[in-house]
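Computed over heavy atoms, backbone and side chain alike; hydrogens, waters and symmetry mates excluded. None of these values were measured; they are calculated from a predicted model. Throughout, protein chains are lettered first and strands after them, A, B, ... in sequence-line order, and every chain is numbered starting at 1.
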There are 2 protein chains.
Amino acid sequence: MATLPVRELSPLPHGHPCYGCEARKVAVCGVLPPLELAELKDCGSNLQLQEGQPLFHEGDPASQVYNVTQGTLRLYKLLPDGRRQIMGFMMPGDFLGASIGGEHAFTAEALEPTRLCRFGRARFADFGEEHPALERELYRLAGHELAAAQAQMVLLGRKSAVERVASFFMSLLDREERFDGKPHKIIDLPMSRSEIADYLGLTKETVSRVFAELKNRRLIRLAALTRVEVLDRHGLADVAEGYSEA
Amino acid sequence: MATLPVRELSPLPHGHPCYGCEARKVAVCGVLPPLELAELKDCGSNLQLQEGQPLFHEGDPASQVYNVTQGTLRLYKLLPDGRRQIMGFMMPGDFLGASIGGEHAFTAEALEPTRLCRFGRARFADFGEEHPALERELYRLAGHELAAAQAQMVLLGRKSAVERVASFFMSLLDREERFDGKPHKIIDLPMSRSEIADYLGLTKETVSRVFAELKNRRLIRLAALTRVEVLDRHGLADVAEGYSEA
DNA sequence: CGCGTGCTTGACCAATGTCAAGTATGGTGG
DNA sequence: CCACCATACTTGACATTGGTCAAGCACGCG
């Protein structure tokens with residue numbers, strides 16, 4: 001991958017401390033009242049990545065934390081022979097900062113044009129100490145990530161291919177609904193079949209076949225290659241949880 | 001499972017605030033200087049579980065946090081049809097408290113006679129606020145758990161059966177060595193083949209066959225059913241990381 | 001309109017799961 | 001101390017799921 005230089009935007013545009021964060025109920029920024037949010041802006045700067053561009057690699061020193069405002073990142077680990085496990089996808093509103101011993105535990109790459117706001121880890125930490133609400137929020141987020149990781153372990157360790165894909169759709173649906181509160185039917189997939197496969201512990205061929213099966217079972221419809229319409233939400237949820245595999 | 005009443009021990013024995021914690025470099029207690037550790041004792045009580053006895057179930061309200069001092073617990077989630085994924089094993093020195101929204105995300109059961117010290121979540125939190133070292137330690141632990149969960153995702157999503165078992169042995173070995181700093185050769189397995197299988201996303205038969213294969217390859221020796229001797233540490237590590245599967 | 005890339009589909013294969021004996025181990029009671 | 005029993009582990013034969021390899025298709029970009 002020809003590592004393009006990361007494009008630096010202006011050190012945070014006027015009106016908006018964490019440019020774009022307020023559009024969704026964004027992690028971290030979301031818990032701060034406007035005044036303190038404005039204060040936080042001095043710690044951060046804006047950042048843009050092109051498709052395929054890495055934000056950091058596994059093992060890099062972790063001196064920054066990030067808030068995704070637009071686009072999508074893939075987080076992954078590689079085995080020496082190239083097998084890839086995608087740990088998750090970061091989308092607008094997600095906070096990216098967890099690390100142990102100051103090193104990133106995975107690689108983060110944009111899979112489409114992506115914007116983030118970046119904070120120096122140290123300054124961010126200082127800021128956190130003065131704002132317990134922020135620290136509490138970070139701890140809460142860590143808890144959520146852990147819960148998500150555990151759900152993913154069940155998926156990878158014990159679910160069949162159909163169950164994995166159904167669970168994947170359900171979690172994307174749930175994610176959307178957590179933002180605006182109202183039910184959704186359409187899922188837009190910013191990631192390729194390969195990426196879905198590497199996230200679900202399958203191959204791209206199996207993912208493709210399972211899409212076809214779910215289509216035949218009238219649980220979904222493919223409005224386009226990257227656009228899934230959920231036709232039977234409850235049916236899909238049942239498959240995801242492992243019922244109905246009679 | 002006939003849920004025996006949890007056996008309550010005295011509200012913490014004299015000399016030792018967190019009875020047994022000091023034996024190993026125990027999470028949480030380990031970071032506190034003796035004086036503050038003594039102070040912490042007033043928040044906690046001692047607890048003993050028999051083999052098979054649950055500490056809490058998935059979905060239970062999480063009002064306590066625990067430190068394991070002896071024995072082993074299995075943490076697991078179930079699918080509706082009974083498939084089980086074990087998220088991990090808690091052993092002496094481990095801290096058990098993570099939860100989201102005040103609910104436990106998994107079931108915890110003793111797989112052998114087990115002792116813990118228990119703290120009320122609220123009092124523990126109060127104590128934490130006065131001891132930043134403790135809070136920092138908790139945050140650090142959460143980071144470690146997350147890293148472990150991510151490594152397990154790679155294992156479950158992308159590793160073969162042999163690689164999984166080899167990784168399992170290596171992580172038990174590493175765990176021992178993190179405590180006393182010196183290299184180990186012997187691994188005692190407190191858990192059954194079934195439990196190993198449910199942890200690694202395999203069946204007990206496959207686990208058994210892989211044990212046999214590693215024995216044939218002279219990487220391990222079975223000193224007893226529950227006692228593994230590692231004959232070739234580097235060889236085993238290579239298998240675990242996915243090299244050498246020519 | 002044509003090309004490239006990524007997606008789909010098919011045929012076949014390998015790894016692991018399932019089911020069923022058979023064997024070892026450790027605990028219990030004589 | 002030994003014999004027996006229950007349980008857990010091992011091993012074998014076979015089934016199944018999902019992976020591999022290869023061809024064909026289709027979408028989207030130029």
field: Within residues 194-204 of chain A, residues whose heavy atoms come under 4.0 Å of DNA chain D
entry: A/Gly201, A/Leu202, A/Thr203
query: Taking any atom under 4.0 angstrom from a heavy atom of chain B, which nucleotides of DNA chain C are the first and last to qualify, 5' to 3'?
result: C/dT16 to C/dT25
- prompt: Is the Lys NZ or Arg CZ of A/Arg74 less than 6.0 Å from the centre of A/Phe89's six-membered ring, within 45° of the axis?
  reply: no
message: Whether the side chain of A/Arg164 and the base of D/dG18 hold a donor-acceptor pair under 3.5 Å is what I'd like checked.
response: no
task: Measure from CZ on B/Arg158 to C1' on D/dG18 and round the result to the nearest Å.
output: 11 Å
task: Run through A/Val165, A/Asp232, A/Leu214 and flag the one making a side chain to side chain contact (heavy atoms under 4.5 Å, CB included) with A/Ile220.
output: A/Leu214
message: If you apply the rule side-chain contact (heavy atoms from CB on, under 4.5 Å), what do you find for A/Leu219 with A/Leu231, and how did you get there?
response: CA-CA 5 Å; A/Leu219 294 172; A/Leu231 297 177; over 6 Å; no
task: Apply the test side-chain contact (heavy atoms from CB on, under 4.5 Å) to residues A/Tyr66 and A/Met90: give CA-CA distance (whole Å), side-chain angles for both, the deciding distance (0.1 Å), then the verdict.
output: CA-CA 11 Å; A/Tyr66 309 88; A/Met90 297 302 263; over 6 Å; no
A/Glu195 side chain reached by A/Arg84 side chain, heavy atoms, under 4.5 Å: yes
- prompt: Relative to each other, are the rings of B/His104 and B/Phe56 parallel, tilted or perpendicular (30° and 60° limits)?
  reply: parallel
message: Measure CG/B/Leu111 against P/D/dA8 and give the value in whole Å, please.
response: 13 Å
Whole-Å gap separating C1' (D/dA22) and CZ (A/Arg209): 12 Å
query: Within the structure shown, what part of the strands sits under 4.0 Å from B/Ser208 by heavy-atom distance: base, sugar-phosphate, or nothing?
result: base
query: Are the side chain of B/Thr72 and the backbone of B/Pro190 linked by a donor-acceptor contact shorter than 3.5 Å?
result: no
- prompt: For B/Ala212, which contact category applies under a 4.0 Å heavy-atom criterion: base, sugar-phosphate, or nothing?
  reply: sugar-phosphate
field: Inter-axis angle, terminal five-pair segments of the helix from C/dC1-D/dG30 to C/dG30-D/dC1 [nearest 10°]
entry: 40°
- prompt: Have A/Arg118 and A/Ser45 got a donor and an acceptor in their side chains that come within less than 3.5 Å?
  reply: yes
- prompt: Given the side-chain rings of B/Phe211 and B/Phe169, with only the six-membered ring counted for Trp, is the space between their centroids under 6.0 Å?
  reply: yes
message: Just the rounded figure in Å: distance from P of D/dT11 to CZ of B/Phe211.
response: 12 Å
message: So A/Leu222 and A/Lys215, do their side chains get closer than 4.5 Å, heavy atoms only?
response: yes
A/Leu225 CG - D/dC29 P separation (whole Å): 12 Å
message: If we ignore hydrogens and angles and just use 3.5 Å, is the side chain of A/Arg83 paired with the main-chain N or O of B/Arg158 as donor and acceptor?
response: yes
message: Is it the case that the base of D/dT11 and the side chain of B/Arg193 share a donor-acceptor contact (distance under 3.5 Å, atom types as modelled)?
response: no
